[in-house]
Number of protein chains: 2
Amino acid sequence: MDNERREEAVTILRKAGFRATEPRLLVLSFLQNAKYPVSIQEIVAGMGNKSIHQVTVYRILHALKHAGIVTQVDFRHGRSYYELRDEQHDHHHIVCVKCGRVEDFVGCDYERLAAKALKQARGFATIVSHSLELFGMCNTCSKRKVRAA
Amino acid sequence: MDNERREEAVTILRKAGFRATEPRLLVLSFLQNAKYPVSIQEIVAGMGNKSIHQVTVYRILHALKHAGIVTQVDFRHGRSYYELRDEQHDHHHIVCVKCGRVEDFVGCDYERLAAKALKQARGFATIVSHSLELFGMCNTCSKRKVRAA
DNA sequence: AGTGTACTTGCAACTCATTTGCATCTAGAA
DNA sequence: TTCTAGATGCAAATGAGTTGCAAGTACACT
Ligand SMILES: [Mn+2]
Ligand SMILES: [Mn+2]
Ligand SMILES: [Zn+2]
Ligand SMILES: [Zn+2]
């Protein structure tokens with residue numbers, strides 16, 4: 001049943017000091033099912049019958065992000081994408097510039113990178129976060145011949 | 001004199017197949033003088049007397065980006081920033097989340113990273129570009145006490 | 001140096017992601 | 001069950017970036 005998912009979502013919300021409202025549970029469960037980061041409009045569209053106002057989704061994600069529950073990523077598509085934060089692995093994404101396909105990867109070696117950067121950037125005291133994404137061509141798209149200009 | 005800069009700019013434009021127009025020369029020289037990536041509105045505002053329409057700046061930067069002359073970066077400020085592409089070093093930026101201060105750093109170890117990512121992301125054939133930025137606190141801002149909530 | 005035209009610019013209007021104000025609603029503490 | 005701080009929905013605003021089109025100009029070619 002999907003009930004365990006729901007209970008898990010309720011717990012997450014309560015622990016972060018939020019009320020366990022229907023819209024929040026729906027958004028959270030949508031994120032739990034998502035295989036890759038999703039956009040606000042994908043979330044709204046994916047709600048089926050029980051619709052949530054787009055503004056509400058914006059506010060929910062803003063709150064969840066501040067609470068450290070979700071992560072916001074930029075795939076250069078002119079909008080933001082969101083996914084549940086993976087506390088185990090510091091993972092990043094590789095995005096196909098042709099079709100938008102996304103895959104994860106780990107191993108950005110954040111500690112080493114941060115140390116190296118802090119040594120160079122003398123005006124900085126600490127690093128609190130980082131963003132890293134790779135852009136490339138998926139197998140399908142790289143096989144497909146480039147259309148004539 | 002600033003004339004050598006101007007001639008350099010003319011050369012850059014011609015080499016890329018662009019006409020050496022006044023707006024383009026102004027934007028290019030502004031970028032040449034900029035110490036860190038600048039936004040469209042900063043460019044427009046920085047033109048002094050000889051104003052350029054904002055739309056024109058957008059088009060110029062779009063073209064220069066496609067020609068590989070400028071790079072677009074995302075500092076999470078809700079708009080894009082641009083700088084002349086540094087062909088020598090693959091450098092990135094560290095941004096203060098409080099005041100927006102920016103510094104450069106090198107050493108993202110792109111080759112190793114790309115190889116590692118491609119090994120994991122089986123659905124991808126090639127990587128064409130990457131974005132990486134660190135967010136932290138500059139010395140000044142990290143010293144300043146956090147304002148009471 | 002003068003001409004013609006393809007490439008550029010400026011202006012207005014538009015698109016679209018994201019934000020804000022406010023009245024109404026409701027989760028959950030008492 | 002009641003009460004209320006916190007949430008949601010709706011409308012309107014904001015602001016980055018884009019597009020259509022008429023007018024302007026760099027520069028290739030006389
Ligand atoms: Mn992911
Ligand atoms: Mn730089
Ligand atoms: Zn693809
Ligand atoms: Zn700072």
Aromatic ring centroids of A/His130 and A/Tyr110 under 6.0 Å?
->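 Ring centres of A/Tyr110 and A/His130 closer than 6.0 Å.
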Does B/Ser80 place a side-chain N or O at less than 4.0 Å from the phosphate oxygens OP1/OP2 of D/dG17?
->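 For D/dG17, OP1/OP2 do have a side-chain N/O of B/Ser80 under 4.0 Å.
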Using a cut-off of less than 4.0 Å, is there contact between a side-chain N or O of A/Arg24 and OP1 or OP2 of D/dA7?
->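 Checking A/Arg24 against D/dA7: at least one side-chain N or O falls below 4.0 Å of OP1 or OP2.
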Roughly how far, to the nearest 0.5 Å, is CG of A/Leu134 from CG of B/Leu113?
->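 The CG atom of A/Leu134 is 5.5 Å from CG of B/Leu113, to the nearest 0.5 Å.
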Approximate separation, where rounding is to 0.5 Å, of A/Asp74 CG and A/Ser131 OG =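 The CG atom of A/Asp74 sits 7.5 Å away from the OG atom of A/Ser131.
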Please give, in whole Å, the distance from [N] [atom2] to [X] [atom1]?
| X | N | atom1 | atom2 | answer |
| --- | --- | --- | --- | --- |
| A/His53 | C/dA23 | NE2 | P | 17 Å |
| B/Lys50 | C/dG10 | NZ | C1' | 18 Å |
| B/Tyr82 | D/dA16 | OH | P | 12 Å |
| B/Arg76 | C/dT18 | CZ | C1' | 17 Å |
| A/Leu64 | D/dT8 | CG | C1' | 15 Å |
| B/Leu61 | C/dT9 | CG | P | 11 Å |
| A/Leu13 | D/dA7 | CG | P | 10 Å |
| A/Tyr58 | D/dA11 | OH | C1' | 16 Å |

List the protein contact pattern of nucleotides 25-30 of chain D with one symbol per nucleotide (5' to 3'): B for base contact, S for sugar-phosphate-only contact, - for none; contact means a heavy-atom distance under 4.0 Å.
-> BBS---
For the helix from C/dA1-D/dT30 to C/dA30-D/dT1, what angle lies between the axis at the first five pairs and the axis at the last five pairs, to 10 degrees?
->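 Axis-to-axis angle, ends of the helix: 40°.
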A/Glu103/A/Arg101 ion pair, N-O < 4.0 Å =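 Judged by the 4.0 Å cut-off on N to carboxylate O distance, A/Glu103 and A/Arg101 do form a salt bridge.
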Under-4.0 Å salt bridge between A/Glu42 and A/Arg79 |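 No, A/Glu42 and A/Arg79 are not salt-bridged.
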Just checking, any donor-acceptor pair under 3.5 angstrom between side chains of A/Asp104 and A/His92?
->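 No, no side-chain donor-acceptor contact under 3.5 Å.
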Determine the interplanar angle of the B/His91 and B/His93 rings, folded into 0 to 90°, and report it as parallel if under 30°, tilted if 30 to 60°, perpendicular if over 60°.
->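 Geometry flag for B/His93 against B/His91: perpendicular rings.
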Should we count NE2 of A/His77 as having more than 12 external heavy atoms under 6.0 Å?
->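 Result for NE2/A/His77: enclosed.
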With sugar-phosphate meaning primed atoms plus P, OP1 and OP2, does [X] contact a base, only sugar-phosphate, or nothing at under 4.0 Å between heavy atoms?
| X | result |
| --- | --- |
| B/Gln54 | nothing |
| A/Ser39 | nothing |
| B/Arg59 | base |

If you pin B/Gln41 and A/Ser51 to their nearest nucleotides in DNA chain D, which one's is more 5'?
->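 Closest to the 5' end, via its nearest nucleotide, is A/Ser51.
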B/Val55, nearest nucleotide to its side chain (from D/dT19, D/dC10, C/dA17) =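 Per side-chain heavy atoms of B/Val55, the pick is D/dT19.
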Passing option when A/Phe18 is tested against A/Leu64, A/Ile12, A/Ile60 for side chain to side chain contact (heavy atoms under 4.5 Å, CB included) =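 Between A/Phe18 and the candidates, side chain to side chain contact (heavy atoms under 4.5 Å, CB included) is satisfied uniquely by A/Leu64.
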Within a strict 4.5 Å, meaning less than it, do heavy atoms of the A/Thr71 and A/Tyr82 side chains meet?
->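 No, their side chains stay 4.5 Å or more apart.
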